[in-house]
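Everything on this sheet refers to the single structure shown next.
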Amino acid sequence: RSASVLTASRPMSLASRMVVAGLVIGSLKILDEFIYNYLVHQTQPDIVLKYTASGLQGTAAFTGGLASALLGLVINYGISIVAAGVFVVAASQIPALRRNLIAIGLLYGLAVLVVMHVVVDLSAAPGLNFSALDWANDVFSHAVLVGLPAAIVVSRSLGMTGSRAS
């Protein structure tokens with residue numbers, strides 16, 4: 001009986017699609033941030049999380065210990081769920097977005113990148129000097145790790161396969 005529950009294919013609700021896509025995106029993005037920043041900038045994961053928290057806390061986040069790091073993690077997933085939610089709702093309501101869902105998802109990821117840079121610039125987070133490699137990683141991670149998973153969750157949840165999903 002439990003196997004049939006796990007394999008039963010019931011349509012996902014809109015809220016479920018938003019949360020699933022957000023959790024996937026948030027996990028992929030934070031792993032990218034941890035790995036990239038450690039390998040390229042020798043920055044520990046807790047500092048990455050505290051930088052995210054500094055958007056609300058300013059530089060105090062860097063001395064805020066575990067609480068600031070956890071706040072950064074919550075912010076990461078919150079933003080990811082909102083970003084996924086916008087895409088999921090739009091793709092559910094606008095048929096034209098579903099005609100080439102993968103390409104639209106990749107472009108949506110780039111749009112999220114632009115919005116994120118505006119938000120960060122307006123926040124209390126200290127400014128960063130981005131190298132060409134930092135920008136390349138940011139473009140890649142937002143297109144492939146934000147937009148693409150959102151598109152895949154939408155295509156799977158709507159039962160789209162083949163050319164309709166790509």
Side-chain angles (χ1 to χ4, degrees), residues 5-41 43 45-53 55 69-121 123 125 128 130 132-166:
V5 170
L6 294 175
T7 58
S9 86
R10 295 185 311 167
M12 290 176 70
S13 70
L14 189 63
S16 295
R17 283 182 262 166
M18 292 167 56
V19 170
V20 167
L23 293 175
V24 169
I25 289 167
S27 297
L28 290 172
K29 272 298 290 164
I30 203 67
L31 284 173
D32 171 71
E33 292 293 328
F34 288 169
I35 293 166
Y36 177 81
N37 283 292
Y38 183 78
L39 293 176
V40 175
H41 300 291
T43 302
D46 69 311
I47 300 300
V48 171
L49 293 172
K50 289 175 183 178
Y51 181 78
T52 302
L70 290 175
L71 175 61
L73 189 62
V74 168
I75 291 169
N76 172 70
Y77 280 105
I79 289 170
S80 297
I81 290 169
V82 169
V86 169
F87 185 80
V88 167
V89 169
S92 297
Q93 300 299 313
I94 304 170
L97 295 179
R98 296 190 301 268
R99 289 194 188 108
N100 196 346
L101 199 51
I102 299 303
I104 296 297
L106 292 170
L107 290 172
Y108 180 72
L110 296 176
V112 171
L113 169 67
V114 170
V115 171
M116 285 304 302
H117 276 276
V118 169
V119 169
V120 169
D121 287 346
S123 77
L128 296 176
F130 272 68
L133 185 59
D134 295 336
W135 278 108
N137 181 66
D138 232 13
V139 167
F140 165 82
S141 68
H142 279 84
V144 176
L145 304 179
V146 174
L148 191 57
I152 291 168
V153 167
V154 168
S155 72
R156 298 274 191 250
S157 67
L158 296 177
M160 299 170 68
T161 59
S163 62
R164 286 176 34 210
S166 56

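Each residue takes its place number in the sequence, starting with 1.
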Could you tell me the separation between the [atom1] atom of [X] and the [atom2] atom of [Y], rounded to the nearest 0.5 Å?
{"X": "Leu70", "Y": "Asp46", "atom1": "CG", "atom2": "CG", "answer": "10.5 Å"}
{"X": "Leu101", "Y": "Ile152", "atom1": "CG", "atom2": "CD1", "answer": "9.0 Å"}
{"X": "Leu148", "Y": "His142", "atom1": "CG", "atom2": "NE2", "answer": "14.0 Å"}
{"X": "His41", "Y": "Leu128", "atom1": "NE2", "atom2": "CG", "answer": "8.5 Å"}
{"X": "Ser155", "Y": "Ile102", "atom1": "OG", "atom2": "CD1", "answer": "5.5 Å"}
{"X": "Leu107", "Y": "Ile104", "atom1": "CG", "atom2": "CD1", "answer": "5.5 Å"}

Applying side chain to side chain donor-acceptor pair (under 3.5 Å), name anything that partners [X], two or more places apart in sequence or on another chain.
{"X": "Asn76", "answer": "none"}
{"X": "Ser16", "answer": "Ser13"}
{"X": "Ser123", "answer": "none"}
{"X": "Tyr51", "answer": "none"}

What residues, two or more places apart in sequence or in another chain, satisfy side-chain contact (heavy atoms from CB on, under 4.5 Å) together with [X]?
{"X": "Val74", "result": "none"}
{"X": "Leu133", "result": "Tyr36, Val40, Ser131"}
{"X": "Ile75", "result": "Thr52, Leu56, Leu71, Ile79"}
{"X": "Val139", "result": "Leu110, Leu113"}

So the ring pair (Phe, Tyr, Trp, His ring centres under 6.0 Å) pairs with at least one residue in residues 97-121 (sequence neighbours excluded) are Phe87-Tyr108, His117-Phe130, His117-Trp135
- Side-chain contact test, heavy atoms from C-beta onward, threshold under 4.5 Å: evaluate it for Val89 versus Met18 and give yes or no.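 Result yes, sub-4.5 Å side-chain heavy-atom pair found.
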How far apart are the closest heavy atoms of [X] and [Y], and which atoms are they?
{"X": "Ala84", "Y": "Ala21", "result": "CB-CB, 3.6 Å"}
{"X": "Ala151", "Y": "Gly105", "result": "CB-CA, 4.0 Å"}
{"X": "Ser92", "Y": "Leu14", "result": "OG-CD1, 3.6 Å"}
{"X": "Ile25", "Y": "Pro149", "result": "CG1-CB, 4.1 Å"}

Taken in chain and number order and not counting sequence neighbours, the residues that satisfy salt bridge (charged side-chain N to carboxylate O under 4.0 Å, His left out) with Asp138 are none
Pairs where residues 20-33 contributes a residue and the test side-chain hydrogen bond (donor to acceptor under 3.5 Å, both in side chains) is met, not counting sequence neighbours:
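Every side-chain hydrogen bond (donor to acceptor under 3.5 Å, both in side chains) pair that includes a residue of residues 20-33, provided the two are not neighbours, is Ser27-Tyr77, Lys29-Glu33, Lys29-Ser141, Asp32-Asn137, Glu33-Asn37.
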